[in-house]
Amino acid sequence: MMGQRLSFHRFLFIFWLALFAVLVSGDSDDEWTYKHEPGRCAIRGHCGKKSFFGGQLPCPDNGPAEDPSDAVRERLVNICGDKWSEGPVCCQEDQLDALSSNLKRAETIIASCPACKENFFNLFCTFTCSPDQSLFVNVTKTQLASSKKLIVTELDTLVSDTYGTGFYDSCKDVKFSGTNGYAMDLIGGGAKNYTSFLKFLGDEKPFGSPFQLNFPRPAGREKDGMSAMDNTPKQCNDTDTRYRCACVDCPAVCPALPEVAEAKTCHVGALHCLSFAVIIVYSVFLLVLVAVVSGHVAYQRHARHKSERLRLLQDAAASDDEDEGDVVLDAGFLDRPQKYYRLNTFFDKVFRKLGEIAARFPAITIGTSIVIVGLLSIGWVRFAVERDPVRLWVSPNSAAAEEKAFFDEKFGPFFRAQQAFLVNDTGSEPGPVLSYDTLGWWFDVEQRVQRLKSISNGGTFDEVCYKPTGDACVVQSVTGYFGGMFSSVDPDTWQDDLRACTASPVNCLPDFQQPLKREMILGGWEETGDVVDSKALIVTWVVKNHPEGSGEEAYAMDWERSLKSLLLAVQDEARDMGLRLSFSTEISLEEELNKSTNTDAKIVVVSYIIMFIYASLALGSTTLATKSILYRPASALVQSKFTLGIFGIIIVLMSVSASVGLFAAAGVKVTLIIAEVIPFLVLAVGVDNIFLIVHEFERINVSHPDDTIELRVSKALGRMGPSILLSATTETIAFALGAVVDMPAVRNFAVYAAGAVFINALLQVTMFVSVLTLNQRRVESNRTDCFPCIKVRNSEGLSSSLTGGRPYAAEDEGLVQKFVRRIYAPALLNRKTKVGIVVAFLGLFTAAIALIPRVSLGLDQRIAIPSDSYLINYFNDLYDYFDSGPPVYFVTRELNTTQRAHQQQLCGRFSTCDPFSIVNVLEQERKRPNISYISEPAASWIDDYFIWLNPALEECCVEGATGEVCFENRNPPWNITLYGMPEGQEFIDYLSKWIESPTDESCPVAGKAAYGDALVIDQARLTTPASHFRSSHTPLRSQEDFINAYASARRIANTLREHTGVDVFPYSKFYIFFDQYATIVRLAGTLLGSALAMILVVSSTLLGSVMTGAVVTITVIMIVIDIIGSMALFGVSLNAVSLVNLVICVGIGVEFCAHIARAFMFPSRNIMERAKSKFRGRDARAWTALVNVGSSVFSGITVTKLLGVIVLAFTRSKIFEIYYFRIWLSLVVLAATHALVFLPVALSLVGGEGYVDPESDGGLEEDLTSRRYRALLPEEDDDDYDFDD
């Protein structure tokens, strides 16, 4: 990348090449070249210089061509080839010296392509020495040199379109690895056609052509006696193998890569095939349903008319034996289950016994629980939060993590980038950012950065910067075009100078000698094509990176903090100038993420506090009706359960603490997701279970007032314990399945969640039962809540008059319970309502499935930081204006490159390289960037190394002892076939020398600057344990682009392994964060599918019905799918954060559904007997389930979670707003509606056969008790709330 800082302006050899001539200006072309005929020259020899620092220029000479001396002939043949071995020429020895020098500089860049080299040499050899020179060369201007001789300062050269096009085509794709770019950028200024190419070669420049060499179009010049140079150009895929170029430099000779099977999505019009299919299926379902309902209605009408006709024919008088209008009341009682489920009976007895023990020994139970939780919480001493995104999202055993570790170990950590954007968009619309005054101010800003000292250590940029050439820091900025000095900016010509530099960056090299591409330093100029109209100025300061935790890294980070402070101040200066500055340092993202976490923590705490307060108040009001508060306020003080609610919340916190302590002691680090989500999850589960226990206990208090407190508590737990077991077991198993996932964020969450839910369930059936017992003792001793030392004297009297001496009142039934029993449940289970509900929920399910293809992958960095962060503008500008992609490295491991076969598997510039070598494949992939996301040629160290050995490059490889040019007299000689190239120990010796050779204008293919950190040499084993081939991605502007680029790089590496057998992998700095998306869809499907499968197995087993278990599982599936559909609507993408939330959705969905399902399978006898006459069978049990636990589910989990989630809407963190507020709001709404609306209807239609609830079956005594319970309830005219079928 920044590794090859070359003084390319030296060999902008516009070879100019010696070429060498001059004149005083003349008005008439023919004054200097007055004859244009074969055998006649136009220029010859050197006559002097234009200035002291200029190059030698040729003399105007229209004389005949002459035969050279033998020495000159030999020299000419050595330079230009055997075709010059005879005949007269128009050049002299001094011209040949200049020609040779300039051509050798060009050769270092184009030598890898023989056709380009031949055409290049042929053009200038012909121009300089052709005996027919006057036919195509015409001197137009001369001047007097200091030698008092005329020198040529300008001339025209005619080149045919055929030769010019062929010349350009042979060179346009030649690569120069040193700059990771094209040779055309260096020898042709990035020309896009042959006329621009020739113009660049001929333009007079301080470090280029010493005179103006024009290449006018040849058409119309025949009348002057001139004719264009029309040699036959060599093609890069020439039939003569001596001139054929390698694949990397000539697309025409490349083998065709196999077509990439793109992941094409099926569409029907604008709809995804999945969406289209489910819509069609649902539409067919609706048509069938309409047909069935219509047929049923028609049949009923027919049957009713027939019945009426028969009744008219019969005697209207009633028979004495007939029942005249008697109504069978409590019809549901007639359909109550008669069978027992042994497993449920067993668990009923276990929980009843457990409840009795906890109730009889509350102090021991509570003390033991506290001690155990305390012991588990000792693990907090090893509490550690994992903040490193790499360790958080990527498994340490994953390929991506291992590859990053390998890259950092072998080549050093990736450099640290500090980047800034100066943008002119403070007005109504963006405008040009560049002006003379703005440039002056920005030059000053960069000077301040150069002088900046770090806060703590006093370090400067020069001490921490990246210096690939050893002396100059890498700063990619428009100031580099002007040498970093504002004095070099001409107020009148700076715009033209800037255009010239961006058109030919090699003419305006910065101190670190790397051409500055305009895409890297200017943005927003694409609309007009003029860089002066750029809307953004981009600056990148590159800091050398060091191993994590090292002192050098801390030193660099300290300087970065100082840079951040400086740029924050510069933002104000920019604002005063009507501009906007955005920036990011290497430490910025982590600091802003931590700031976001601190902001989130406050909102989360407020959310939990609100949920705690509500849960305590709601739990305390379970037996407090409005009448009780108004007419018996003293009794209300006793009946309140606020303290009980507080203990319930404490138990939730204890379970979280115990889980964290247990797994922290085991070395499982906490993540921010765990800290923010686990309390939410456990609170949802815990509060719901507490409400269920308390509500059931209150019912037993009314129905069994004469039993002891311990017996009543044990009965309550005996009934609700199996229900808690069902929900806790399914949730624990569902979460525990996530522990097998490799992604640490998901795995650690699953472990902590499973532990917290399990411990919470244990504490609820033990410690909370004991607290409930103590609370009931307080109530029956008429002591006030919160202050049990205070006894209310008149509370007992007020309550005893109503309940026979017991402080319970029948009208204490809550408003929600009464609403569910009298209005909601009867309306929901109406036949027409059920049909509508099924249709509506299946429609919602269909819509959610149709939306699944619209769920995207990724996590935009702008979402993860606070909405007011200064990085928001930076990321926006990065995507809008930065038109360059991140570097990508293809890394080889343990490859013995001393062997010829392995060399051929890597190289690309020699004729015997493997057609599917690494360099060749990367070059082919570069040609399809829309698929490969590769934009630049690969920097090939092995090709440049072998080119460096070319003896024609006399200033490159020189033997230290003798000073001789390497390989000069070698047999076989250096050649394009690789045969004769070094192997074994000789390969390593020369390689070690090459990697230390300085890269400069005399030898741009030397290895120190470009490849100093690109390979590792093992002298002992004679091998290269690691090396890389550097390229660059296309600009990546979205999460989809990053994901696709990573996937493409993986595909390319796999292709390379298949064809070459070389162990190669791709690496880019961002890969580690996007590795999760390669498997996240499959991971999500596996994780959620496994959890749902376990829910089916566990619920079917504990409920005693596969059918009911299937209904529960299908309902949870519908909840999860609907939430995924809502993710598409709310713009929530799939990533590790949302995957954790989907796992939570499974657990919470089970919590919503499990209690209602169990209440359906084991209906309470007392409640079922009150079912309306029209509710029979499954309808009666569904009504019973809703009346029994519906209010607990609504009050306990729905409202609690809704209040907590609503608070999250006020967060400043986008990640919390999108990934928590939106998903959790969807979860609460969808789970509540499915559990309280769809599930009872589904159970009433296809639920399994019910069983006797052991707690409701107690023989005659139980029957009499239940009758007394019903007698205590107020008389109600349920018919007032009846609904027609």
request  = Could you give me the CA-CA distance, side-chain angles and deciding distance for Asp67 and Arg73, then say whether side chain to side chain contact (heavy atoms under 4.5 Å, CB included) is met?
outcome  = CA-CA 8 Å; Asp67 288 322; Arg73 174 78 67 186; 3.9 Å; yes

key: Sulfur-sulfur distance Cys966/Cys956 under 2.5 Å   = no

message = To the nearest 0.5 Å, what is the distance between CD1 on Ile918 and CG on Leu922?
response = 7.0 Å

ask   = For the side-chain contact (heavy atoms from CB on, under 4.5 Å) test, which of Leu158, Asp132, Leu135 pairs with Ser227?
value = Leu135

note = Rounding to 0.5 Å, atoms CD (Gln904) and CZ (Phe910) come to a distance of 11.0 Å

query = Is the Cys913 SG less than 2.5 Å from the Cys247 SG?
reply = no

task = Please test Tyr990 against Phe967 for ring pair (Phe, Tyr, Trp, His ring centres under 6.0 Å), starting from the C-alpha separation and ending with a verdict.
result = CA-CA 11 Å; Tyr990 276 115; Phe967 279 60; 5.6 Å; yes

query = Sub-3.5 Å donor-acceptor pair from the side chain of Asn237 to the main-chain atoms of Val253, do we have one?
reply = no

ask   = Just by modelled atom types, is the Ala952 backbone N or O under 3.5 Å from a matching donor or acceptor in the Asn950 side chain?
value = yes

note = Value for CH2 (Trp974) from CE (Met981), rounded to nearest 0.5 Å, stands at 5.0 Å

query = Are more than 12 heavy atoms from other residues, nucleotides or ligands located less than 6.0 Å from atom CD of Glu37?
reply = yes

message = Would you compute the distance between atom CD of Glu959 and atom CD of Glu964 and round it to the nearest 0.5 angstrom?
response = 7.5 Å

request  = Return the minimal non-hydrogen interatomic distance between Pro951 and Glu968, and the atom names on each side.
outcome  = CB-CA, 3.8 Å

ask   = Stepwise, does the side-chain hydrogen bond (donor to acceptor under 3.5 Å, both in side chains) test hold for Ser917 with Asn920?
value = CA-CA 5 Å; Ser917 69; Asn920 283 337; 3.3 Å; yes

task = Would you check if the side chain of Arg970 reaches a backbone N or O of Gly980 as a donor-acceptor pair within less than 3.5 Å?
result = yes

task = Give every residue pair that meets the side-chain hydrogen bond (donor to acceptor under 3.5 Å, both in side chains) criterion with at least one member in residues 191-200, sequence neighbours excluded.
result = Asp161-Tyr194, Asn193-Thr195, Asn193-Ser196, Tyr194-Arg217, Lys199-Asp203

Cys250 and Cys245 SG atoms less than 2.5 angstrom apart = no

note = Looking only at heavy atoms, the pair that brings Cys254 and Lys927 closest together is SG-NZ, 3.6 Å

What side-chain donor-acceptor pairs closer than 3.5 Å can you find for residues 78-87, not counting sequence neighbours?
| unit_1 | atom_1 | unit_2 | atom_2 | d |
| --- | --- | --- | --- | --- |
| Asn78 | ND2 | Glu74 | O | 3.2 |
| Lys83 | NZ | Asn122 | OD1 | 2.3 |
| Ser85 | OG | Asp82 | O | 2.8 |

ask   = Backbone N or O of Val958 within a donor-acceptor pair of the Lys993 side chain at under 3.5 Å?
value = yes

task = Assign the ring pair Phe124 / Phe127 to parallel, tilted or perpendicular, where the plane angle (0 to 90°) is split at 30° and 60°.
result = perpendicular

query = Under the 3.5 angstrom rule, does the side chain of Asn62 hit a backbone N or O of Tyr34 as a donor-acceptor pair?
reply = yes

inquiry  = Tell me if a side-chain donor or acceptor on Glu154 pairs with a main-chain N or O of Lys141 at a distance below 3.5 Å.
reply    = no

request  = Decide ring pair (Phe, Tyr, Trp, His ring centres under 6.0 Å) for Tyr945 and Phe987; before the verdict, give the C-alpha distance in whole Å, the side-chain angles of both, and the deciding distance to 0.1 Å.
outcome  = CA-CA 10 Å; Tyr945 165 50; Phe987 178 90; 5.2 Å; yes

message = Would you compute the distance between atom CG of Asp249 and atom SG of Cys171 and round it to the nearest 0.5 angstrom?
response = 9.5 Å

query = With a 3.5 Å cut-off and no angle check, do the side chains of Asp169 and Gln235 form a donor-acceptor pair?
reply = no

query = Sub-3.5 Å donor-acceptor pair from the side chain of Asn119 to the main-chain atoms of Pro233, do we have one?
reply = no

query = Quick one: does Thr977's side chain have a donor or acceptor within less than 3.5 Å of a partner on Thr912's backbone?
reply = no

task = Mark yes or no for whether Arg75, through its side chain, and Ser100, through its backbone, hold a donor-acceptor pair below 3.5 Å.
result = no

query = Taking the SG atom of each, are Cys116 and Cys236 under 2.5 Å apart?
reply = no

